[in-house]
Amino acid sequence: MDSREEDNLPADHNHDSNLYRSFNASTSSSSSSFNSSPPDFLRNVQAAFKRHRMMPRMNLNNFQPRRLVAHRQETSNSSSPILDSKTDESHHVSAKPLAKNMMTLTTYNHESASVTPPSISGTPTEEGKFKSIDAQRCQPSINCDCKNRNSFDLPCLQCKQVVPVDAPKKVQFALENDARSHMGSLALTEMECDTNNQLNAPAVLNHDPNLQNVHNLDSDLTSRPNDERNFLQSDFGHHMTSSSNLGSTCCATTLVNSVHAPMVNSTTHSCPENKCELPRNQQGKETGSSSSSMLKDPPPVSDKSTKGDPLSVDAIDLKNDVKSASLKSGKQEKPASKKDSSAPRKRNYDPDLFFKVNGKLYQRLGKIGSGGSSEVHKVISQDCTIYALKKIKLKGRDYATAYGFCQEIEYLNKLKGKDHIIQLIDYEVTDKALLKEVMSGCMSNKDGRVKEDGCIYMVLEYGEIDLAHMLSHKWRELDTSSSTIDENWLRFYWQQILLAVKTIHEERIVHSDLKPANFLLVRGSLKLIDFGIAKAILSDTTNIQRDSQVGTLSYMSPEAFMCNETDANGNTIKCGRPSDIWSLGCILYQMVYGKTPFADYTTFWAKFKVITDPNHEIHYQPPPPNPWLLDLIKKCLAWDRKQRWTIPQLLQHPFLVPPIPVPVSDRNLIQLVSDSCREDRNAMLMCSRLQELVTDPIGLGSVDEKCKLLDEMSRLCIQLKELLGKPESN
Ligand SMILES: Nc1ncnc2c1ncn2[C@@H]1O[C@H](COP(=O)(O)OP(=O)(O)OP(=O)(O)O)[C@@H](O)[C@H]1O
């Protein structure tokens, strides 16, 4: 914007530093004579007043938002740590845009508000407009400069700031040739080090669904890298504050704006004459490969009307994008010539800042993690919802492999609407030829290679924390307090885990990679992720077909290790639902003991040896105080897969559904005697006979018969008395 307008800013001494930041920033992108140092700035302000530049008359009824251009970094709390994109990988993604981008602000001067909770104190209309933002993030102020603050996801327990976490690491390895032959078809496996050994950071958990928004916010704010905080603080903090101060007119214009970001600008859209010449809807034009029809049950595409919905994807205003960009470079905006319009379409967004999936833009907030083949980013959509965006790069892969990756989409589509499964919001396969192959349902071109920039994008529900981190936190707590595991905590999450796996097993899907890191906490519930190696059970079998062994070593079942080999009876060893149950047993063991059952066997071969040995005895030391818990783990970790319990059985196990104890007063003498001699089979038989005689005496016609029964009862009573008295006499 023209920097002269800046002169109109009210000279509020309380905001000197903010003013300075704004001016300083604005001068960097304009030809203003303002100098960058505070004394110079003050001199300039004084000079401006001397030149009798009047403050513009503010017509609040017809308030036109003005833009200040400020370095995004500078708009955040000045005490925030300076971003170092070189040293921190997770900052890297957004650091670049930060360095080169400016953001537009449509308020006088509210930098200070960017570090305080945005106040939504406006009219009901405003509140309505900001409902989604409000629900997502009523942000608390970040004032702490905890030295621990880093790029990672978990807040420091003391100050709730972010502290570094070593995410669960995976070691992916391929066996050497000789090892391969040794192992049959064992191909690529992944070993996950025990997370309890690796995780240092505590997590603040809030399982109260009522507080979930606050929790989201907490985790969102504290877990995001600095650049992301800057983005949100500057964008949302400012905008929401400004909107609450300036009224609904401004409210609509003060959303996620950055110079390189396509802007959501309702000023354009509210143009009564509808003179806006630039395209409203860019959806699908960029890649042109909407995959909505790719698989059954395509993801819903938002059908928001442009009118009156400044947040809608349709409301992207490229004009502002271009305009801001030209302002940044100090050049005058030129009208697009005919020649320009015939030029090949260029990307209308900054790929360093945004992902585009089916025409919808998602701004990167930071990298969450990466798997063997993918990277997952935390993103924010244009309706201000936080999602996880999984990007699988298909570059150089053959079609058969790429097809396999597409299957994850297929499973997630199948599991849409299921409570305990992470929800797929949208997806896109950019390689049209691959898409065509997938759509046709058969791989005619198995050897075909995916296009250079071929990618799969999946927009997923965002999970705040995974079970691995939760466990690590729990165990850290236990270690310091010397208390034992809380059984109710265990029951709650164990039941959720079972419900998630029940869902997929009912859909005839075997996950094959169940581990704590694949259960994410979403609004207080655990949800299952990562169907990368999941397999559907074909209709006429109970097992899945696999060419190679897959899974995460510490959680792999014996049959997963020996898949396709033959057992002692000459039968081919296959994997099915029981294989997942074994993995669940390992998870439960880890929940109880803080480590996986085979954690002490550190090398691959040691693990392989013990897990595939039917005579190997798993240690349960010390046995849990509740014998039902021990029984439950054993029911999952039975070496023979036929002995393992199924999910419906596990859901009814006495650990989860404890038998309701009958009050002593309601029980008769015989029952009490029977309770106290459970171990003695004879005693139990005598008790049940006695019970029979008392409750259902048969053939009591004559006195003789009555005497006979009484005799029998007395004999049984004497014998029982002797049995009961035995231990005492010993
Ligand atoms: N919906 C989500 N919300 C938050 N984080 C997620 C989400 N999906 C995945 N992640 C995180 O991203 C990382 C990698 O995800 P995912 O496991 O899906 O990828 P992958 O390539 O299949 O990984 P791997 O091969 O290691 O299992 C993990 O740290 C996971 O916790």
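What you are looking at is a predicted structure, and each value in this text was computed from that prediction instead of being measured.
- Under the 4.5 Å side-chain criterion, counting only non-hydrogen atoms from C-beta, L471 is not in contact with Y493.
- A heavy-atom distance below 4.5 Å is found between the side chains of H473 and E477.
- Counting heavy atoms from C-beta outward, T572 and D567 have side chains that stay 4.5 Å or more apart.
- Between S525 and D419 the shortest side-chain heavy-atom distance does not fall below 4.5 Å.
- Note: M591 CE to I633 CD1 = 10.5 Å, rounded to the nearest 0.5 Å.
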Working for side-chain contact (heavy atoms from CB on, under 4.5 Å), residues W494 and L632: CA-CA 11 Å; W494 174 247; L632 177 59; 3.5 Å; yes
Side chain to side chain donor-acceptor pair (under 3.5 Å) assessment of H653 paired with D631: CA-CA 9 Å; H653 188 277; D631 183 76; 2.7 Å; yes
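- Side-chain contact between R523 and E461 is present, with at least one heavy-atom pair separated by less than 4.5 Å.
- Between the side chain of W639 and the backbone N or O of I611 there is at least one donor-acceptor pair closer than 3.5 Å.
- A distance-only check finds no donor-acceptor pair linking the side chain of Q495 to the backbone of F492 [under 3.5 Å].
- Atom-to-atom distance recorded for I647:CD1 and D580:CG is 8.0 Å, nearest 0.5 angstrom.
- No donor-acceptor pair closer than 3.5 Å links the side chain of N569 to the backbone N or O of N571.
- Look at K706 and D704 and you find no salt bridge, because none of the NZ, NE, NH1 or NH2 atoms lies under 4.0 Å from a carboxylate O.
- Proximity of a side-chain donor or acceptor of Q652 to a complementary backbone N or O of Q649 within less than 3.5 Å is not detected.
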Stepwise side-chain contact (heavy atoms from CB on, under 4.5 Å) test for Y427 and L460: CA-CA 9 Å; Y427 62 85; L460 299 158; over 6 Å; no
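- Side-chain N or O atoms of H511 include none that pairs as donor or acceptor with a backbone N or O of R577 at under 3.5 Å.
- The structure places OG of S579 at 11.5 Å from CD1 of I573, a figure rounded to the nearest 0.5 Å.
- Annotation: side chain of K416 is not in contact with side chain of I425 (no heavy-atom distance under 4.5 Å).
- Scanning all heavy atoms of the two residues, the minimum distance from L498 to L584 falls at CD2-CD1, 3.9 Å.
- Of all heavy-atom pairs spanning T612 and P558, the tightest one is CG2-O, 4.2 Å.
- Residues L520 and G463 approach most closely at CD1-CA, 3.9 Å, considering heavy atoms.
- Taking each heavy atom of C575 and C563 in turn, the nearest pair found is SG-SG, 3.9 Å.
- No side-chain donor-acceptor contact under 3.5 Å links Q590 to the backbone of T596.
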Derivation and outcome, side-chain contact (heavy atoms from CB on, under 4.5 Å), residues L389 and M458: CA-CA 6 Å; L389 192 143; M458 285 184 238; over 6 Å; no
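- The nearest pair of heavy atoms linking S583 to Y555 is OG-O, 2.8 Å.
- Using a 4.5 Å heavy-atom threshold, the side chains of L528 and I422 count as separate.
- Y601 pairs by the ring pair (Phe, Tyr, Trp, His ring centres under 6.0 Å) definition with H616, not counting sequence neighbours.
- Within 6.0 Å of CH2 on W628 lie no more than 12 heavy atoms contributed by other residues, nucleotides or ligands.
- Here CH2 of W582 is found 8.0 Å from CD of E559. Values are rounded to the nearest 0.5 Å.
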CA sep, side-chain torsions, deciding dist, call: F561, F608, ring pair (Phe, Tyr, Trp, His ring centres under 6.0 Å): CA-CA 7 Å; F561 275 100; F608 174 81; 5.6 Å; yes
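- Checked for salt-bridge contact, D530 and K515 miss the test: no charged N lies under 4.0 Å from a carboxylate O.
- The existence of a salt bridge linking R491 and E487 is confirmed by a sub-4.0 Å separation between a basic side-chain nitrogen and an acidic carboxylate oxygen.
- Atom NZ of K474 has more than 12 neighbouring heavy atoms from other residues, nucleotides or ligands inside a 6.0 Å radius.
- Salt-bridge formation is detected for the pair E506/K502: a Lys NZ or Arg NE/NH1/NH2 atom is positioned less than 4.0 Å from an Asp or Glu carboxylate oxygen.
- Here the SG atom belonging to C586 is positioned 7.0 Å from the CD1 atom belonging to I618, to the nearest 0.5 angstrom.
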Step-by-step side-chain contact (heavy atoms from CB on, under 4.5 Å) determination, R644 to C636: CA-CA 5 Å; R644 282 176 223 149; C636 300; 5.8 Å; no
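- Side-chain polar atoms of Q621 and Y593 form no donor-acceptor pair below 3.5 angstrom.
- T503 and K418 share no donor-acceptor pair across their side chains, judged by distance under 3.5 Å alone.
- For M470 against L526, the heavy-atom pair with the smallest separation is SD-CD2, 4.3 Å.
- Counting only heavy atoms from C-beta outward, the side chains of R715 and D711 never approach each other to under 4.5 Å.
- Put simply, CG on L467 and CG on N518 are 10.0 Å apart, with the number rounded to the nearest 0.5 Å.
- Of the possible polar contacts, one joining the S714 side chain to the L710 backbone as a donor-acceptor pair under 3.5 Å is found.
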